[in-house]
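Each remark here refers to the structure printed beneath this line.
The analysis underlying the following values was restricted to heavy atoms, covering all of them including side chains, and did not include hydrogens, waters or symmetry mates.
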Amino acid sequence: MSVMAATTEAPEPWYLALLGFAEHFRTSSPPKIRLCVHCLQAVFQFKPPPRVEARTHLQLGSVLYRHTKNSELAQSHLEKAWFISQQISQFEDVKFEAASILSEFYCQQNLVDSAKPVLRKAIQISQQTPYWHCRLLFQLAQLHALERDLVSACDLLGVGAEYARVMGSEYTRALFLLSKGMLLLMERKLSEVHPLLTLCGTIVENWQGNPIQKESLRVFFLVLQVTHYLDAGQVKSVKPCLKQLQQCIQTISTLHDDEILPTNPAALFHWLPKEHMCVLVYLVTVMHSMQAGYLEKAQKYTDKALMQLEKLKMLDSNPILSTFQVILLEHIIMCRLVTGHKATALQEISQVCQLCQQSPRLFANHAAQLHTLLGLYCISVNCMDNAEAQFTAALQMTTHQELWTFIVTNLASVYIREGNRHQELYSLLERINPDHNFPVSSHCLRAAAFYIRGLLSFFQGRYNEAKRFLRETLKMSNAEDLNRLTACSLVLLGHIFFVLGNHRESNNMVVPAMQLASKIPDMSVQLWSSALLKDLNKACGNTIDAHEAAQMHQNFSQQLLQDHIAACSLPEHNLISWTDGLPPVQFQPQNGPTTSLAGLL
């Protein structure tokens, strides 16, 4: 609310007094917004000059927008501030702040088509004001990105990068280029991403400036590299980049925030606050641990990240924090389903539902993932009809190729288990054929597609064909340390060799599968392996080993049974029937599990 008088005349005493009172009421604890608004409205009684009038409209509009639900009045004041300030020369701060906040307001009211011309006009007339020109370019690019018009967003970021170069700010040029790289990754335009990231790497390494700004650029750069590898399912190849990223965030946490502002106004930006970057690094570490099958490590980093997020959300309402929280929960839910903690997973799915209810944008971005998680939960409790309905709902909600492929792969596994959906199954398998025109470049998903083919061939008794597919999965999963796929392939190969009467080869597969499953830990593979070991040792006459394996199998069965009953008894279990619209707020209590355990055991 500072006066920021850009006039040769000293401000009138009445103006200073009213502004002082307004600021006092705004910053009171709790804020007295009604009195603050009264003081600002009183300014107009004095018929102030245009500069004061425009600034007061901006202040009123901002206060009403940020602190009240009176959107009509907020809009009126912001529009007047923008209109009046355009008639006044050398009034850049009020003019462009009015344009920026008015556009933000329009977007919040779903009036995106009103926001765009305001930002375009402001960008057009701000070329002599580097800070605002860059900021407005970022804002319009973000608006296009939210509308999924990534081509327009990338064009604007390219314009910003060139403008920053001309203005002599390599730092802001790197921010524009890295932001463009992020959008190109989202669009899977990999041929454009690689040269862009190479250029960014050179700029970041050569730039000499504020250490925190330099390290934050490196974090941005490395986060893009790590997510690029993870999207490609290259869990082993990503390790050097991930290690660099973790070292980088440690360096940032030891640096003190430098109070000296950059001298170049085009460089007055930062990518993310230090605390947000820490959470983001935890998040990509969790993503890596989950893909690689280090589920206890994923749990450890999720706990750290969620604790940090809770602290940050007490002080900061930035929506990115809720996005981080949802993505973390999505990953840990998948881990819980693997480790045999279905009841906890279900409660965390419910938590994601609650977060999505609070934000329409969050729900729009994560509805498909939410239904996918419910589908995975349904498989884990043997509710195959519900699993199919959840995956079908998810497929209708996503255009993301990797997610689409993941859903189709899991839906195919449902059809294989049901055993009577041949036409639908073959139609799906045609679309995820790992030998021909696989829809995505993900190493991990292609390996999983080979596994699904092997599973189907096993159920059809075509054992040699199954072995070919599973050996392909093993080759791919070993190349990138995909531990869960390795464990699943080994135990299925062990099962095939057992059926064929090759007990020695079966044992050579099942023992390492059990060791790997215990390390992950993967409860279903442990259950499967222990059952096989029991039968193998019995067939070979190893009575003691057979008894030990039978005891292990009994223990795993009991744990899964108890967890199954606990999960199906929760009121949240009713979520498995939700396939349309917003998630339900209330859940009716369950009388007990309604699903069969036969498919699990």
Side-chain angles (χ1 to χ4, degrees), residues 293 338-340 379-380 382 384 409-410 412-420 425 429 434 447-478 482-561 596-601:
V338 173
T339 57
I379 290 177
S380 76
N382 209 33
M384 293 302 165
T409 305
N410 282 284
S413 80
V414 170
Y415 289 154
I416 289 170
R417 288 169 198 232
E418 289 185 317
N420 58 354
L425 176 59
L429 291 178
F450 275 118
Y451 176 79
I452 286 293
R453 295 260 166 169
L455 188 67
L456 176 62
S457 300
F458 166 73
F459 276 111
Q460 293 174 333
R462 299 205 306 269
Y463 297 128
N464 284 333
E465 186 181 87
K467 283 191 280 185
R468 182 184 83 77
F469 286 129
L470 293 171
R471 283 180 176 136
E472 201 61 46
T473 304
L474 269 180
K475 188 170 77 178
M476 292 186 74
S477 54
N478 282 332
L482 303 169
N483 289 333
R484 280 204 68 225
L485 269 176
T486 301
C488 291
S489 304
L490 284 171
V491 74
L492 184 49
L493 275 168
H495 205 132
I496 290 168
F497 284 119
F498 179 74
V499 171
L500 294 172
N502 189 338
H503 295 164
R504 186 179 170 190
E505 201 59 42
S506 177
N507 194 65
N508 288 344
M509 299 290 151
V510 178
V511 170
M514 186 62 156
Q515 289 167 344
L516 199 49
S518 306
K519 184 178 155 192
I520 291 171
D522 185 324
M523 187 64 85
S524 298
V525 175
Q526 284 177 296
L527 184 75
W528 189 358
S529 301
S530 58
L532 258 176
L533 282 172
K534 178 186 71 172
D535 294 343
L536 257 176
N537 283 304
K538 199 172 174 184
C540 296
N542 302 330
T543 314
I544 296 171
D545 290 343
H547 178 73
E548 191 181 311
Q551 191 58 55
M552 278 166 51
H553 186 262
Q554 176 68 19
N555 293 342
F556 293 135
S557 300
Q558 279 302 114
Q559 286 177 50
L560 275 169
L561 177 60
S596 159
L597 266 170
L600 291 171
L601 308 179

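- Among residue pairs with one or both ends in residues 520-532, those qualifying as salt bridge (charged side-chain N to carboxylate O under 4.0 Å, His left out) are R484-D522; sequence neighbours excluded.
- To the nearest 0.5 Å, atoms CG (N537) and CG (L532) are separated by 10.5 Å.
- Taking both residues in full, the closest heavy atoms of N507 and P512 are given as O-CD, 4.1 Å, listed atom of the first, atom of the second, then distance.
- Expressed to the nearest 0.5 Å, how far CD of Q554 lies from CG of L527 amounts to 10.5 Å.
- Atom CZ of F469 sits about 14.0 Å away from atom OH of Y451, to the nearest 0.5 Å.
- Closest heavy-atom contact between A546 and K538: CB-N, 3.8 Å.
- With rounding to the nearest 0.5 Å, the separation of CG in N508 from CG in L493 is 11.5 Å.
- In this structure, E548 has no salt bridge (charged side-chain N to carboxylate O under 4.0 Å, His left out) partners at least two apart in sequence or on a different chain.
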**OP:** Go through the steps to decide whether L490 and T486 satisfy the test side chain to side chain contact (heavy atoms under 4.5 Å, CB included), and finish with yes or no.
**Re:** CA-CA 6 Å; L490 284 171; T486 301; 3.9 Å; yes

Subject >> Stepwise side chain to side chain contact (heavy atoms under 4.5 Å, CB included) test for L533 and D545 >> reply: CA-CA 8 Å; L533 282 172; D545 290 343; over 6 Å; no

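- Taking the side chain as every heavy atom from C-beta outward, M384 and I379 approach each other to under 4.5 Å.
- Contact record, I496 with K467: CG2-CG, 4.1 Å, taken as the closest heavy-atom pair.
- Pairing each heavy atom of G454 with each of A466, the nearest pair is O-CB, 3.5 Å.
- The two residues A412 and I452 have their closest heavy-atom pair at CB-CG2, 4.0 Å.
- Rounding to the nearest 0.5 Å gives a distance of 12.0 Å between CZ of F497 and CG of L536.
- Heavy atoms only, all atoms of each residue included: A487 and A517 are closest at CB-N, 4.4 Å.
- The side chain to side chain donor-acceptor pair (under 3.5 Å) pairs that include a residue from residues 523-534 are H495-W528, S518-Q526, where partners are two or more places apart or lie in different chains.
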Subject >> Candidate pair V511 and Q515, rule side chain to side chain contact (heavy atoms under 4.5 Å, CB included), full reasoning >> reply: CA-CA 6 Å; V511 170; Q515 289 167 344; 3.8 Å; yes

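- Going from atom CG of L470 over to atom OG of S477 covers 10.0 Å, rounded to the nearest 0.5 Å.
- Checked by atom type and distance alone, the side chain of N502 pairs as donor or acceptor with a backbone atom of E505 at under 3.5 Å.
- Between R468 and E465 there is no salt bridge, since no side-chain N of the basic residue sits under 4.0 Å from a carboxylate O of the acidic one.
- Side chains of P434 and E472 form no contact here, defined as non-hydrogen atoms less than 4.5 Å apart.
- The main-chain N or O of A447 is found under 3.5 Å from a side-chain atom of T473 such that the two form a donor-acceptor pair.
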